Amino acid sequence: MATPSPPVPYELVPMLERNNHYAADNNFPHSRSYSNAPAGDPRLAYPPRPGFFNASSTTPSTFSSTSTLNVGYYDSKQHGGSDGLYLASHADQQRQTPSSIGVLGVDDSGAAAAFGGGEKGRKLGRETTRRRPRRNCVTTSLAIAGCCLLVLVAVLVPVYFFVLRDHFKNHTTNDAGTNHNNNNNNSNNNNNSNGGTNDEGPRVVTTGGDGSIVTKEDGSTFIYNNTFGGFWVFDPSNPLNESAQAQSWTKPLSQQWQYGVDKIYGVNLGGWLNIEPFISPALYEEFFPDAVDEWTLSELLQAKYGNLDVIENHYKTFIVEEDFAQIVAAGLNWVRIPFPFWGIEKYANEPFLERACWPYFLKAIEWARKYGIRINLDLHALPGSQNGWNHSGKLGVNGEFNFMRGVMGIANAQRAMDYIRILAEFISQPEYKNVVPFFGIVNEPFSNTIGSYPKSAIEAFYAEAYRVIRSAGGTGAGNGPMISIHHAFYGPAKWEGFLQGSDRIAMDLHPYLVFDDGPASADPPSAFPAKACAWASEVAASMTNFGLTAAGEWSVAINDCGLFVNEVGKGTRYEGTYKSNVTIGSCEPWNDWASWDDTIKESLRQLSLASMNALQNWFFWTWKIGESLQTGTVRAPFWSYKLGLEHGWIPLDPRDSSSASGGGGMCAQVGIPITRFSGALQPWQVGGAGAGENVVGLESYPWPPTAIGGFADASRLPRYTPTRPIVTLPVKTYTDPAAVPGASQTDGIPVGDGWTNDADQMLMAVPQVGCDYPDQWDALTAAVPTCGGTNAKRAEPTPTPMATL
């Protein structure tokens, strides 16, 4: 087929709706009609995106009704390497039609994106069948004149900029889904109507692809670079818009993710809301060696400054909007965000900064929506510590922890369950469930070790969390999140058959090559890609015998060198000063990434590609490592995806992990052929037919568990009692920027109220008045108070799950 001729130089070409199709100036072959296009038209080879203009349609129903002015931009690189502009206005008509009309944009990778007006003209990429009032032609003519000027501007700047004028709007607050019954809400939030008033004037909707200019909330700007066909969307009048796309191969948030088919290429935002010493060393170096975790850091900051403003400033500056734009530019489509329980609340004896990180998680949701990224929310720190490590909030003496262990083990677990419930109710709301469709309920609980707690205890915790989360959002795909459980260091094979028939439970793996108790490896960097390939068989078996399996953490660390990687002030296995007295070498060359030669970088790049190849669905740990206060450089470079991208040991395109070696993948290239899971997950594993209808063994797990670490009979231990109203997390409020002067702006734009299931009215479990509880963080050997289990009320039963369609 001949390539269409290039267009003439840019000029305005009016295109009027005639006889139910678009007429076009033949001098603009790239902006001519798509409706009733002739067979064989090359533009029909590109698949349309749901919710956008259907390029292959041959019916007149692809048009929006009634005099809507549309300005679109058609990127026609695949049709002669030129661009065409499209300007169309509709004659007045009254018919039910999709409301998203615009130009099909095709980039180098074949991604399609259409923008334009239609009913409620300021919204992008959504469909509806509502009728609209007629407008007179004078208004339309004025609108066309105004838009002509804007098109000229669009030609001169690298941003897709749309002005959609719509005079007759009704402010319909219930369209945003504030009713929390899932039966009454559409899961596609692009159908929401927000903030309109009569004769409100022009609306500005901004969006853009590679090279476009992004204006941030504070008015500052940056250039969006994305060579993978992604585009961002931010509509101030509809902040719930879900039409942005991370890359051409990644579904927009408005489309349901297909687990087991769509690939998760993710990265952690570690150390942001849950501060870790090796990720943000500068915060800890000021107090070296006394600050070893966020608990001691908070105490020392409070003592020195009288406040915790340093931590608040860290939230504000460590991860910013540009990071989200850079993440999609790196070919990544998910982020895993570690979140601590004190982002919800803390008790009086806990020094953490209470709830201050929550507004920043809301910013993450807003940025993720803007750039088309999905979020895996990971509850990273539990009351009493779930493993005794510094990332749990408090480093345990000799590794001790009080979750499911000791006198306060049950009470801490009850408290954690309420926090899971609060988060589940928030992210299951129609306004957020597409942005946060994945929930890791506890990070690395340490059960499988001597002196810990029985596997039955963590199984009971997981079973109750399943009940709680499905009660919040209901069952079936699109109702509440995928629930991710860590294998608690038993290995994924030990979980085969757990809660078979349940609705969407995933296995969380954290494969690392450097944290064994023995000596560090003396192998050269080139030996490590093959080691990562060994993970493939475990992943494939888990996908087959359990369900969705994703690596929530991994890195390209080939040794445990790096400032504070183990603990503050501790040594390393590599140097023989931590958990081993065998010295392999000095860590200095590995901490000084600027000295690495191309051979080292290539070996690490192959390690990253081999890891991606073997793991299939993954989240690298972590996106960013902060600079050392002493050196001004990153001193744990193995762990920074961003630094590796910039300097060559992280691939620019994660898809290269599978395409290497002629499609055999990087493991085949390094001589380790692997077997990857290539079948289909069972329908119930992805929220399909039968999901949650008959969960094998669910009722065999009592809550609270009958035995925990140190107590074979947990019934005598103290519990918290449900006597306080449950905490509800706040939403971010927006004010409609186009409200007419003098109009009420107190209602803002409806974005939910923090709670999905209004039928869930259970009270929150809190300490009993008059009970002398021991310190919940130091109670392994404490005396059992007289208000033990026989005197304390048991938790109320789990509420009945929501009815869902």
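Just so you know, these numbers use all the heavy atoms, side chains as well, and skip hydrogens, waters and symmetry mates. Please read these numbers as outputs of a predicted model, since none were measured by experiment.
- Counting heavy-atom neighbours within 6.0 Å of L629 CG, excluding the residue itself, gives a total above 12.
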Check the pair K642, D323 against salt bridge (Lys or Arg N to Asp or Glu O under 4.0 Å), reporting the backbone distance first and the verdict last. CA-CA 9 Å; K642 182 178 181 180; D323 287 294; 3.6 Å; yes

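- Rounding to the nearest 0.5 angstrom, the gap separating the CD atom in E567 from the CH2 atom in W389 is 10.5 Å.
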Does S521 form a side-chain contact (heavy atoms from CB on, under 4.5 Å) with K531? I'd like the steps, not just the answer. CA-CA 12 Å; S521 172; K531 296 182 181 184; 3.3 Å; yes

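- Relative ring orientation between F403 and F461 is described as perpendicular, the plane-to-plane angle rising above 60° on a 0-90° scale split at 30° and 60°.
- Judged by the 6.0 Å distance and 45° axis criteria, K570 is not positioned over the aromatic ring of Y578.
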Start with the C-alpha gap between E345 and Y419, add the side-chain angles, then the distance that decides, and say whether side-chain contact (heavy atoms from CB on, under 4.5 Å) holds. CA-CA 9 Å; E345 68 165 15; Y419 298 149; 2.7 Å; yes

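- Among residue pairs with one or both ends in residues 343-378, none qualify as disulfide (SG to SG under 2.5 Å); sequence neighbours excluded.
- Taking CG from L332 and OH from Y371, the interatomic distance works out to 15.0 Å, rounded to the nearest 0.5 Å.
- S526 contributes no side-chain N or O that, together with a main-chain N or O of S603, makes up a donor-acceptor pair within less than 3.5 Å.
- Nearest approach of Y360 to K316, heavy atoms of both residues: CE2-CA, 3.6 Å.
- Residues in residues 574-616 take part in these disulfide (SG to SG under 2.5 Å) pairs, two or more places apart or across chains: C561-C587.
- The ring pair (Phe, Tyr, Trp, His ring centres under 6.0 Å) search around Y284 returns none, not counting sequence neighbours.
- The ring pair (Phe, Tyr, Trp, His ring centres under 6.0 Å) check on F439 picks up nothing, with sequence neighbours excluded.
- For W295, the ring pair (Phe, Tyr, Trp, His ring centres under 6.0 Å) test picks out F352, W777, with sequence neighbours left out.
- At distances below 3.5 Å, at least one donor-acceptor pair connects side-chain atoms of R369 with backbone N or O atoms of P239.
- Ion pair K363/E366 not flagged as a salt bridge, since none of the NZ, NE, NH1 or NH2 atoms sits closer than 4.0 Å to an Asp/Glu carboxylate oxygen.
- The environment of CD in Q630 is sparse: at most 12 heavy-atom neighbours from other residues, nucleotides or ligands sit within 6.0 Å.
- Taken to the nearest 0.5 Å, the CG atom of N387 stands 13.5 Å off from the CD atom of E400.
- Checking each of H314, E294, Q302, E312 against L353 for a side chain to side chain contact (heavy atoms under 4.5 Å, CB included) leaves exactly one that passes, namely E312.
- Between the side chain of R374 and the backbone N or O of I264 there is no donor-acceptor pair closer than 3.5 Å.
- For K579 and D517, the salt-bridge test passes: some basic side-chain N is under 4.0 Å from an acidic carboxylate O.
- The 12-atom threshold is exceeded at CG of N349, counting heavy atoms of other residues, nucleotides or ligands nearer than 6.0 Å.
- Rounded to the nearest 0.5 angstrom, N274 CG and H380 NE2 are separated by 5.5 Å.
- The nearest pair of heavy atoms linking T227 to D210 is CG2-OD2, 3.8 Å.
- Of the listed residues (W590, Y512, W623), just one forms a ring-ring contact (aromatic ring centres under 6.0 Å, His included) with W639, and that residue is Y512.
- Pairs engaging residues 293-344 under the disulfide (SG to SG under 2.5 Å) rule: none recorded [sequence neighbours left out].
- Of all the heavy atoms in A779 and N402, the pair that sits closest is N-OD1, 3.0 Å.
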Between Y641 and F620, is the ring-ring contact (aromatic ring centres under 6.0 Å, His included) condition met? List the steps. CA-CA 7 Å; Y641 200 100; F620 184 93; 5.1 Å; yes

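- Checking W649, W596, W621 one by one against F638, the ring-ring contact (aromatic ring centres under 6.0 Å, His included) holds for a single residue, W596.
- N268 contributes no side-chain N or O that, together with a main-chain N or O of G270, makes up a donor-acceptor pair within less than 3.5 Å.
- In this structure, CE in M507 is found 9.0 Å from NE2 in H486, a value given to the nearest 0.5 Å.
- Nearest heavy-atom pair across I672 and A530 is CG1-CB, 3.7 Å.
- Residues D290 and T296 have side chains not in contact (no heavy-atom distance under 4.5 Å, counting atoms from C-beta outward).
- The two residues V442 and L382 come nearest to each other via the heavy atoms CG2-CD1, 3.3 Å.
- The two atoms that bring D508 and R336 nearest to each other are OD2-NH2, 4.0 Å, heavy atoms only.
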Could you walk me through whether Y265 and W334 satisfy the ring-ring contact (aromatic ring centres under 6.0 Å, His included) test, starting with their C-alpha distance in whole Å, then the side-chain angles of each, then the deciding distance to 0.1 Å, before giving a yes or no? CA-CA 6 Å; Y265 300 148; W334 282 72; over 10 Å; no

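- Between I373 and W367 there is no side-chain heavy-atom pair separated by less than 4.5 Å.
- Looking only at atom types and distance, the side chain of W232 has a donor-acceptor partner in the side chain of S212 under 3.5 Å away.
- In terms of modelled atom types and a separation under 3.5 Å, the side chain of T577 and the main chain of T572 share a donor-acceptor contact.
- Between E322 and K216 there is a salt bridge, with a side-chain nitrogen of the basic residue lying less than 4.0 Å from a carboxylate oxygen of the acidic one.
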After noting the C-alpha distance and the side-chain angles of N559 and I584, does the key distance pass the side-chain contact (heavy atoms from CB on, under 4.5 Å) rule? CA-CA 10 Å; N559 55 55; I584 304 301; over 6 Å; no

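- Dense packing is recorded around CD of E602, with more than 12 heavy atoms of other residues, nucleotides or ligands lying under 6.0 Å away.
- Taking OH of Y347 as the start and CZ of F341 as the end, the distance is 9.5 Å to the nearest 0.5 Å.
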